[in-house]
2 protein chains.
Amino acid sequence: MPEPPPPRLDEIDAQLLDLLQRDAGRTLHDLGERVGLSPSAVQRRIARYRRDGLITRQVAVLDPHRFGPTVLATVLVTLARESFEHHRAFAERMRSNPQVQQCYRVAGPWDYVVVLAARSMRECSRLGDRLFKADDNIRRYETLLVFDTIKTGLALPPPAPQPSRPQDGRS
Amino acid sequence: MPEPPPPRLDEIDAQLLDLLQRDAGRTLHDLGERVGLSPSAVQRRIARYRRDGLITRQVAVLDPHRFGPTVLATVLVTLARESFEHHRAFAERMRSNPQVQQCYRVAGPWDYVVVLAARSMRECSRLGDRLFKADDNIRRYETLLVFDTIKTGLALPPPAPQPSRPQDGRS
DNA sequence: GCTAGAACGCAATAATCTTGCATGCCTGAA
DNA sequence: TTCAGGCATGCAAGATTATTGCGTTCTAGC
(Lines give C-alpha, C1' and ligand atoms only; values in the text may rest on other atoms or scores of the structure.)
Protein backbone atom coordinates (compact mmCIF):
# COMPACT_ATOMS: atom_id res chain seq x y z
CA MET A 1 0.00 0.00 0.00
CA PRO A 2 2.34 2.80 -1.13
CA GLU A 3 1.00 6.18 -0.28
CA PRO A 4 1.23 9.12 -2.66
CA PRO A 5 3.45 11.89 -1.39
CA PRO A 6 1.67 14.51 0.67
CA PRO A 7 0.25 17.14 -1.67
CA ARG A 8 1.72 20.57 -1.68
CA LEU A 9 -0.15 22.81 0.72
CA ASP A 10 0.29 26.50 1.06
CA GLU A 11 -0.42 28.68 4.04
CA ILE A 12 -4.04 29.13 3.09
CA ASP A 13 -4.56 25.38 2.77
CA ALA A 14 -3.11 24.93 6.23
CA GLN A 15 -5.48 27.52 7.65
CA LEU A 16 -8.51 26.09 5.91
CA LEU A 17 -7.79 22.53 6.98
CA ASP A 18 -7.32 23.61 10.56
CA LEU A 19 -10.49 25.67 10.59
CA LEU A 20 -12.46 22.79 9.08
CA GLN A 21 -11.12 20.14 11.42
CA ARG A 22 -12.19 22.27 14.36
CA ASP A 23 -15.51 23.40 12.99
CA ALA A 24 -16.84 22.20 9.68
CA GLY A 25 -20.14 24.01 10.03
CA ARG A 26 -18.89 27.29 8.69
CA THR A 27 -20.13 28.71 5.40
CA LEU A 28 -17.80 29.16 2.49
CA HIS A 29 -18.32 32.87 2.87
CA ASP A 30 -17.17 32.82 6.50
CA LEU A 31 -14.14 30.70 5.65
CA GLY A 32 -13.32 32.95 2.71
CA GLU A 33 -13.35 36.01 4.92
CA ARG A 34 -10.96 34.35 7.31
CA VAL A 35 -8.39 33.38 4.70
CA GLY A 36 -8.85 36.18 2.21
CA LEU A 37 -10.41 34.29 -0.69
CA SER A 38 -13.79 34.31 -2.38
CA PRO A 39 -16.32 31.63 -1.39
CA SER A 40 -15.86 29.85 -4.71
CA ALA A 41 -12.10 29.65 -4.38
CA VAL A 42 -12.58 28.19 -0.91
CA GLN A 43 -15.05 25.67 -2.23
CA ARG A 44 -12.67 24.55 -4.93
CA ARG A 45 -9.90 24.02 -2.40
CA ILE A 46 -12.17 22.00 -0.16
CA ALA A 47 -13.25 19.93 -3.15
CA ARG A 48 -9.57 19.29 -3.80
CA TYR A 49 -8.99 18.17 -0.21
CA ARG A 50 -11.84 15.67 -0.53
CA ARG A 51 -10.72 14.43 -3.92
CA ASP A 52 -7.15 13.99 -2.70
CA GLY A 53 -8.20 12.18 0.45
CA LEU A 54 -7.03 14.82 2.91
CA ILE A 55 -10.54 15.09 4.28
CA THR A 56 -12.14 11.68 4.54
CA ARG A 57 -15.49 12.66 5.97
CA GLN A 58 -17.38 15.12 8.08
CA VAL A 59 -18.93 14.02 11.36
CA ALA A 60 -21.16 15.43 14.04
CA VAL A 61 -19.55 15.29 17.47
CA LEU A 62 -21.93 14.13 20.17
CA ASP A 63 -21.50 15.11 23.79
CA PRO A 64 -21.13 11.90 25.77
CA HIS A 65 -22.34 13.65 28.92
CA ARG A 66 -25.70 14.32 27.37
CA PHE A 67 -26.63 10.72 26.75
CA GLY A 68 -27.67 8.08 29.14
CA PRO A 69 -25.33 5.26 29.96
CA THR A 70 -22.33 5.49 27.69
CA VAL A 71 -19.16 3.70 28.55
CA LEU A 72 -15.80 4.21 26.95
CA ALA A 73 -12.83 2.07 27.70
CA THR A 74 -9.24 2.38 26.68
CA VAL A 75 -7.70 -1.03 26.24
CA LEU A 76 -3.98 -1.69 26.08
CA VAL A 77 -3.26 -4.80 24.04
CA THR A 78 -0.22 -6.94 23.34
CA LEU A 79 -0.26 -9.72 20.78
CA ALA A 80 1.30 -13.09 21.42
CA ARG A 81 2.65 -13.62 17.93
CA GLU A 82 3.66 -10.61 15.96
CA SER A 83 3.76 -11.67 12.37
CA PHE A 84 2.60 -9.28 9.69
CA GLU A 85 -0.43 -11.46 9.14
CA HIS A 86 -1.38 -11.47 12.81
CA HIS A 87 -1.16 -7.72 12.95
CA ARG A 88 -3.14 -7.35 9.79
CA ALA A 89 -5.88 -9.65 11.09
CA PHE A 90 -6.07 -7.81 14.39
CA ALA A 91 -6.29 -4.43 12.68
CA GLU A 92 -9.01 -5.70 10.39
CA ARG A 93 -11.06 -6.95 13.31
CA MET A 94 -10.77 -3.59 15.02
CA ARG A 95 -11.73 -1.72 11.88
CA SER A 96 -14.79 -3.81 11.20
CA ASN A 97 -16.33 -3.64 14.67
CA PRO A 98 -18.47 -0.50 15.03
CA GLN A 99 -17.99 -0.53 18.78
CA VAL A 100 -14.29 -0.04 18.33
CA GLN A 101 -14.08 3.70 18.15
CA GLN A 102 -10.34 4.11 17.72
CA CYS A 103 -7.32 1.91 17.31
CA TYR A 104 -3.65 2.88 17.32
CA ARG A 105 -0.55 0.81 16.78
CA VAL A 106 1.95 1.97 19.37
CA ALA A 107 5.55 1.55 20.38
CA GLY A 108 6.51 0.48 23.86
CA PRO A 109 5.33 -2.17 26.25
CA TRP A 110 1.99 -2.53 24.42
CA ASP A 111 1.19 -3.15 20.77
CA TYR A 112 -2.15 -1.38 20.49
CA VAL A 113 -4.31 1.19 22.19
CA VAL A 114 -7.97 0.55 21.46
CA VAL A 115 -10.88 2.74 22.50
CA LEU A 116 -14.20 0.95 22.87
CA ALA A 117 -17.62 2.55 23.08
CA ALA A 118 -20.53 0.69 24.59
CA ARG A 119 -23.80 1.35 26.28
CA SER A 120 -23.08 -0.14 29.68
CA MET A 121 -20.23 -1.57 31.67
CA ARG A 122 -21.66 -4.99 31.19
CA GLU A 123 -21.78 -4.58 27.45
CA CYS A 124 -18.27 -3.17 27.51
CA SER A 125 -17.02 -6.12 29.49
CA ARG A 126 -18.63 -8.54 27.09
CA LEU A 127 -17.18 -6.67 24.15
CA GLY A 128 -13.73 -6.91 25.68
CA ASP A 129 -14.19 -10.62 26.24
CA ARG A 130 -15.28 -11.12 22.69
CA LEU A 131 -12.53 -9.07 21.15
CA PHE A 132 -9.59 -9.97 23.33
CA LYS A 133 -10.17 -12.84 25.66
CA ALA A 134 -11.59 -15.03 22.93
CA ASP A 135 -8.65 -14.29 20.62
CA ASP A 136 -5.90 -16.75 21.31
CA ASN A 137 -3.33 -14.41 19.85
CA ILE A 138 -3.71 -11.82 22.58
CA ARG A 139 -0.91 -12.23 25.07
CA ARG A 140 -2.29 -9.73 27.51
CA TYR A 141 -4.65 -6.80 27.67
CA GLU A 142 -5.53 -4.25 30.26
CA THR A 143 -8.79 -2.31 30.31
CA LEU A 144 -8.93 1.23 31.60
CA LEU A 145 -12.57 2.18 32.01
CA VAL A 146 -13.24 5.79 31.21
CA PHE A 147 -15.33 7.49 33.83
CA ASP A 148 -15.06 10.99 32.54
CA THR A 149 -14.33 12.43 29.12
CA ILE A 150 -12.32 15.58 29.72
CA LYS A 151 -11.66 16.45 26.10
CA THR A 152 -12.65 14.96 22.83
CA GLY A 153 -11.58 15.59 19.26
CA LEU A 154 -9.54 14.33 16.36
CA ALA A 155 -7.73 17.48 15.32
CA LEU A 156 -4.25 17.00 13.97
CA PRO A 157 -1.62 19.70 14.21
CA PRO A 158 -2.12 22.30 11.50
CA PRO A 159 -0.49 20.94 8.35
CA ALA A 160 2.84 22.54 7.65
CA PRO A 161 2.71 24.74 4.60
CA GLN A 162 5.36 24.06 1.97
CA PRO A 163 8.05 26.70 1.84
CA SER A 164 7.22 29.07 -0.96
CA ARG A 165 9.90 30.85 -2.93
CA PRO A 166 12.12 32.71 -0.51
CA GLN A 167 10.80 36.18 0.06
CA ASP A 168 12.66 38.81 -1.85
CA GLY A 169 14.32 40.79 0.84
CA ARG A 170 12.57 44.10 0.71
CA SER A 171 14.29 45.75 3.63
CA MET B 1 -22.18 21.62 37.27
CA PRO B 2 -25.37 19.57 37.47
CA GLU B 3 -26.31 18.14 34.15
CA PRO B 4 -29.88 18.16 32.90
CA PRO B 5 -31.33 14.70 32.51
CA PRO B 6 -30.81 13.14 29.11
CA PRO B 7 -33.57 14.30 26.81
CA ARG B 8 -36.14 11.85 25.64
CA LEU B 9 -35.11 10.35 22.33
CA ASP B 10 -37.24 8.17 20.16
CA GLU B 11 -36.15 5.61 17.61
CA ILE B 12 -35.89 8.20 14.86
CA ASP B 13 -33.69 10.43 17.00
CA ALA B 14 -31.39 7.49 17.65
CA GLN B 15 -31.14 6.77 13.95
CA LEU B 16 -30.50 10.37 13.02
CA LEU B 17 -27.84 10.88 15.65
CA ASP B 18 -26.05 7.75 14.57
CA LEU B 19 -26.20 8.66 10.91
CA LEU B 20 -24.89 12.14 11.64
CA GLN B 21 -22.06 11.05 13.88
CA ARG B 22 -20.85 8.76 11.13
CA ASP B 23 -21.39 11.11 8.24
CA ALA B 24 -22.61 14.64 8.71
CA GLY B 25 -22.33 15.50 5.03
CA ARG B 26 -25.70 14.12 4.08
CA THR B 27 -28.51 16.36 2.89
CA LEU B 28 -31.69 16.71 4.88
CA HIS B 29 -33.47 15.03 1.99
CA ASP B 30 -31.19 12.00 2.18
CA LEU B 31 -31.56 11.75 5.94
CA GLY B 32 -35.32 12.16 5.64
CA GLU B 33 -35.55 9.30 3.19
CA ARG B 34 -33.62 7.07 5.55
CA VAL B 35 -35.81 7.74 8.59
CA GLY B 36 -39.13 8.36 6.91
CA LEU B 37 -39.58 12.07 7.58
CA SER B 38 -39.66 15.17 5.43
CA PRO B 39 -36.50 17.24 5.11
CA SER B 40 -37.96 19.99 7.27
CA ALA B 41 -38.86 17.63 10.10
CA VAL B 42 -35.31 16.30 10.01
CA GLN B 43 -33.91 19.80 10.10
CA ARG B 44 -36.01 20.70 13.13
CA ARG B 45 -34.81 17.64 15.00
CA ILE B 46 -31.19 18.44 14.21
CA ALA B 47 -31.75 22.00 15.36
CA ARG B 48 -33.09 20.57 18.60
CA TYR B 49 -30.02 18.37 19.06
CA ARG B 50 -27.78 21.43 18.67
CA ARG B 51 -29.88 23.57 20.97
CA ASP B 52 -29.95 20.86 23.61
CA GLY B 53 -26.21 20.23 23.43
CA LEU B 54 -26.43 16.68 22.08
CA ILE B 55 -24.41 17.73 19.05
CA THR B 56 -21.64 20.08 20.07
CA ARG B 57 -20.07 20.67 16.69
CA GLN B 58 -19.35 19.29 13.28
CA VAL B 59 -15.80 18.55 12.24
CA ALA B 60 -13.93 17.47 9.16
CA VAL B 61 -11.89 14.33 9.73
CA LEU B 62 -8.42 14.53 8.24
CA ASP B 63 -6.50 11.46 7.18
CA PRO B 64 -3.28 11.42 9.18
CA HIS B 65 -1.62 9.26 6.53
CA ARG B 66 -2.02 12.00 3.95
CA PHE B 67 -0.03 14.61 5.76
CA GLY B 68 3.65 14.90 6.29
CA PRO B 69 5.13 14.23 9.67
CA THR B 70 2.31 13.81 12.15
CA VAL B 71 2.95 12.18 15.44
CA LEU B 72 0.34 10.99 17.88
CA ALA B 73 1.15 9.73 21.31
CA THR B 74 -1.00 8.10 23.90
CA VAL B 75 0.18 9.06 27.35
CA LEU B 76 -0.81 7.25 30.53
CA VAL B 77 -0.69 9.61 33.51
CA THR B 78 -0.97 9.27 37.26
CA LEU B 79 -1.17 12.25 39.57
CA ALA B 80 0.77 12.47 42.79
CA ARG B 81 -1.91 14.21 44.79
CA GLU B 82 -5.49 13.52 43.93
CA SER B 83 -7.52 16.30 45.42
CA PHE B 84 -10.49 17.63 43.52
CA GLU B 85 -8.57 20.81 42.85
CA HIS B 86 -5.57 18.97 41.46
CA HIS B 87 -7.76 17.00 39.13
CA ARG B 88 -9.62 20.09 38.05
CA ALA B 89 -6.38 21.93 37.31
CA PHE B 90 -4.99 19.02 35.32
CA ALA B 91 -8.17 18.73 33.29
CA GLU B 92 -8.17 22.43 32.58
CA ARG B 93 -4.60 22.31 31.33
CA MET B 94 -5.44 19.46 29.02
CA ARG B 95 -8.51 21.23 27.70
CA SER B 96 -6.73 24.46 26.96
CA ASN B 97 -3.77 23.01 25.06
CA PRO B 98 -4.63 22.60 21.38
CA GLN B 99 -2.03 19.86 21.00
CA VAL B 100 -3.94 17.73 23.47
CA GLN B 101 -6.35 15.98 21.18
CA GLN B 102 -8.19 13.84 23.73
CA CYS B 103 -8.21 13.35 27.46
CA TYR B 104 -10.02 10.70 29.48
CA ARG B 105 -10.24 10.17 33.23
CA VAL B 106 -9.89 6.44 33.75
CA ALA B 107 -10.13 3.82 36.45
CA GLY B 108 -7.29 1.46 37.16
CA PRO B 109 -3.56 1.81 37.56
CA TRP B 110 -3.56 5.18 35.76
CA ASP B 111 -5.58 8.34 36.28
CA TYR B 112 -5.70 9.70 32.76
CA VAL B 113 -5.25 8.67 29.16
CA VAL B 114 -4.15 11.63 27.06
CA VAL B 115 -3.71 11.67 23.29
CA LEU B 116 -1.24 14.22 22.00
CA ALA B 117 -0.88 15.40 18.41
CA ALA B 118 2.32 17.00 17.23
CA ARG B 119 4.25 17.51 14.07
CA SER B 120 7.38 15.56 14.90
CA MET B 121 8.68 13.21 17.53
CA ARG B 122 10.87 15.96 18.84
CA GLU B 123 7.95 18.30 19.22
CA CYS B 124 5.95 15.52 20.83
CA SER B 125 8.71 14.83 23.28
CA ARG B 126 8.94 18.49 24.19
CA LEU B 127 5.22 18.68 24.59
CA GLY B 128 5.29 15.74 26.95
CA ASP B 129 8.07 17.36 28.95
CA ARG B 130 6.15 20.58 29.18
CA LEU B 131 2.88 19.01 30.14
CA PHE B 132 3.99 16.25 32.44
CA LYS B 133 7.60 16.39 33.47
CA ALA B 134 7.40 20.04 34.39
CA ASP B 135 4.30 19.47 36.49
CA ASP B 136 5.32 18.53 39.98
CA ASN B 137 1.98 16.87 40.57
CA ILE B 138 2.56 14.09 38.08
CA ARG B 139 3.65 10.98 39.90
CA ARG B 140 4.43 9.05 36.76
CA TYR B 141 3.61 8.99 33.11
CA GLU B 142 4.28 6.62 30.26
CA THR B 143 4.27 7.63 26.63
CA LEU B 144 3.15 5.23 23.92
CA LEU B 145 4.12 6.69 20.58
CA VAL B 146 1.62 5.93 17.86
CA PHE B 147 3.24 4.68 14.72
CA ASP B 148 0.12 3.76 12.85
CA THR B 149 -3.48 4.89 13.13
CA ILE B 150 -5.60 1.85 12.41
CA LYS B 151 -8.98 3.44 13.01
CA THR B 152 -10.15 6.85 13.94
CA GLY B 153 -13.48 8.25 15.00
CA LEU B 154 -15.53 9.54 17.88
CA ALA B 155 -18.77 7.70 17.33
CA LEU B 156 -20.67 6.71 20.45
CA PRO B 157 -23.00 3.76 20.55
CA PRO B 158 -26.34 4.65 19.01
CA PRO B 159 -28.36 6.37 21.73
CA ALA B 160 -30.95 4.10 23.27
CA PRO B 161 -34.45 5.18 22.35
CA GLN B 162 -36.81 5.68 25.28
CA PRO B 163 -39.40 2.98 25.61
CA SER B 164 -42.57 4.26 24.05
CA ARG B 165 -45.99 3.25 25.31
CA PRO B 166 -46.26 -0.51 25.31
CA GLN B 167 -47.62 -1.75 22.01
CA ASP B 168 -51.24 -2.72 22.18
CA GLY B 169 -51.15 -6.43 21.63
CA ARG B 170 -52.75 -6.87 18.28
CA SER B 171 -52.33 -10.59 17.95
C1' DG C 1 -63.44 14.55 26.43
C1' DC C 2 -60.94 18.82 25.96
C1' DT C 3 -57.05 21.77 25.51
C1' DA C 4 -52.51 23.15 24.76
C1' DG C 5 -48.31 22.20 22.94
C1' DA C 6 -45.47 19.64 19.88
C1' DA C 7 -44.55 17.56 15.56
C1' DC C 8 -45.47 17.14 10.97
C1' DG C 9 -45.74 18.08 5.63
C1' DC C 10 -46.12 21.40 2.10
C1' DA C 11 -44.72 25.26 -0.22
C1' DA C 12 -42.54 29.58 -0.45
C1' DT C 13 -38.47 32.02 0.54
C1' DA C 14 -33.72 32.57 1.84
C1' DA C 15 -29.23 30.97 2.05
C1' DT C 16 -25.59 28.50 0.31
C1' DC C 17 -23.16 25.88 -3.01
C1' DT C 18 -21.53 24.99 -7.67
C1' DT C 19 -19.96 26.09 -12.08
C1' DG C 20 -18.99 28.71 -16.50
C1' DC C 21 -16.28 32.31 -18.06
C1' DA C 22 -12.86 35.79 -18.31
C1' DT C 23 -8.64 37.30 -16.33
C1' DG C 24 -4.24 37.23 -14.18
C1' DC C 25 -0.27 34.88 -12.45
C1' DC C 26 3.31 31.51 -12.48
C1' DT C 27 6.37 28.21 -14.41
C1' DG C 28 8.99 25.99 -17.77
C1' DA C 29 10.85 25.71 -22.34
C1' DA C 30 12.83 27.79 -26.32
C1' DT D 1 13.64 37.59 -22.48
C1' DT D 2 9.48 35.93 -24.47
C1' DC D 3 5.74 32.96 -25.01
C1' DA D 4 2.50 29.39 -24.12
C1' DG D 5 0.10 26.45 -21.18
C1' DG D 6 -1.75 25.40 -16.89
C1' DC D 7 -3.68 26.77 -12.68
C1' DA D 8 -6.03 29.71 -9.44
C1' DT D 9 -9.00 33.37 -8.89
C1' DG D 10 -13.38 36.49 -8.67
C1' DC D 11 -17.78 37.43 -10.50
C1' DA D 12 -22.23 36.23 -11.64
C1' DA D 13 -25.71 33.08 -12.90
C1' DG D 14 -27.93 28.95 -11.96
C1' DA D 15 -28.69 24.89 -9.03
C1' DT D 16 -29.22 22.90 -4.74
C1' DT D 17 -30.17 22.90 -0.06
C1' DA D 18 -31.75 24.85 4.20
C1' DT D 19 -35.15 27.45 6.68
C1' DT D 20 -39.54 29.06 7.97
C1' DG D 21 -44.62 30.21 7.91
C1' DC D 22 -48.88 28.05 7.95
C1' DG D 23 -52.39 24.75 8.50
C1' DT D 24 -53.23 20.14 10.19
C1' DT D 25 -52.68 16.20 13.07
C1' DC D 26 -51.07 13.91 17.08
C1' DT D 27 -50.01 13.41 21.95
C1' DA D 28 -50.08 14.09 26.76
C1' DG D 29 -52.03 15.91 30.78
C1' DC D 30 -56.00 17.47 33.30
Side-chain angles (χ1 to χ4, degrees), chain A residues 4-61 66 159 161-170, chain B residues 4-61 66 159 161-170:
Chain A
R8 295 190 67 86
L9 303 172
D10 64 17
E11 178 63 40
I12 294 179
D13 292 321
Q15 282 181 53
L16 282 175
L17 285 160
D18 197 51
L19 288 167
L20 288 165
Q21 76 173 344
R22 296 181 189 282
D23 177 7
R26 308 170 194 271
T27 62
L28 298 171
H29 182 263
D30 179 8
L31 290 167
E33 284 196 319
R34 288 163 180 267
V35 301
L37 293 179
S38 74
S40 66
V42 170
Q43 189 267 335
R44 286 166 174 139
R45 285 185 182 231
I46 294 173
R48 197 184 80 212
Y49 306 151
R50 290 205 177 99
R51 194 183 62 234
D52 291 349
L54 301 185
I55 294 183
T56 57
R57 64 193 191 277
Q58 189 166 305
V59 297
V61 182
R66 301 306 328 280
Q162 304 293 318
S164 58
R165 217 162 31 173
Q167 287 274 34
D168 296 325
R170 272 285 171 89
Chain B
R8 295 189 66 86
L9 303 172
D10 64 15
E11 178 62 39
I12 292 179
D13 292 321
Q15 283 181 51
L16 281 174
L17 285 160
D18 197 50
L19 287 167
L20 288 165
Q21 77 174 342
R22 296 182 189 281
D23 177 7
R26 307 170 195 270
T27 62
L28 299 172
H29 183 264
D30 180 9
L31 290 166
E33 283 196 320
R34 287 164 182 265
V35 300
L37 292 181
S38 74
S40 64
V42 170
Q43 188 267 334
R44 286 166 173 141
R45 285 185 182 232
I46 295 172
R48 198 185 79 211
Y49 307 150
R50 290 204 176 102
R51 194 185 60 232
D52 291 348
L54 301 185
I55 292 182
T56 58
R57 65 192 188 276
Q58 189 164 303
V59 299
V61 181
R66 303 303 331 279
Q162 303 293 318
S164 57
R165 219 163 27 176
Q167 288 274 34
D168 296 326
R170 272 284 172 89

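Every chain is numbered from 1 and lettered A, B, ... according to where its sequence line falls, protein lines coming before strand lines.
Within the model, atoms CG of Leu54(B) and CG of Leu16(B) stand 11.5 Å from one another, a figure rounded to the nearest 0.5 Å. Rounded to the nearest 0.5 Å, atoms CZ (Arg66(B)) and OG1 (Thr56(A)) are 11.5 Å apart. Rounded to the nearest 0.5 angstrom, Gln15(B) CD and Arg45(B) CZ are separated by 10.0 Å.
Straight-line distance from the CZ atom of Arg44(A) to the P atom of dC21(C): 12 Å, rounded to whole Å. What separates CG of Leu31(A) from P of dT18(C) is a distance of 12 Å, to the nearest Å. A straight line from CG of Leu28(A) to P of dA18(D) spans 13 Å, rounded to a whole angstrom. Summarising the geometry, the separation between CG on Asp52(B) and P on dA6(C) is reported as 12 Å, rounded to the nearest angstrom. Rounding to whole angstrom units, CG of residue Asp10(B) and P of dA28(D) are separated by 11 Å. In this structure, Leu37(A) places its CG atom 8 Å from C1' of dT9(D), rounding to the nearest Å. Whole-Å rounding puts the Arg48(A) CZ to dA8(D) P distance at 6 Å. In this structure, CD1 of Ile46(B) is placed 12 Å from C1' of dT17(D), rounded to the nearest angstrom.
Counting only distance, with no hydrogens or angles, the side chain of Asp10(B) and the backbone of Ile12(B) share a donor-acceptor pair below 3.5 Å.
Side-chain atoms of Ser40(A) come within donor-acceptor range of the base of dC11(D), with a qualifying N/O pair under 3.5 Å.
Across all strands shown, Ser38(A) has heavy atoms under 4.0 Å from base atoms, whether or not it also approaches the sugar-phosphate.
Listed pair Gln43(A) / dC17(C) fails the phosphate criterion, with no side-chain N or O lying under 4.0 Å from OP1 or OP2. Taking side-chain N and O atoms only, Arg45(B) has a distance below 4.0 Å to OP1 or OP2 of dC8(C).
Taking the nucleotide of DNA chain C with the nearest heavy atom to each of His29(A) and Ile12(B), the more 5' of the two is matched to Ile12(B).
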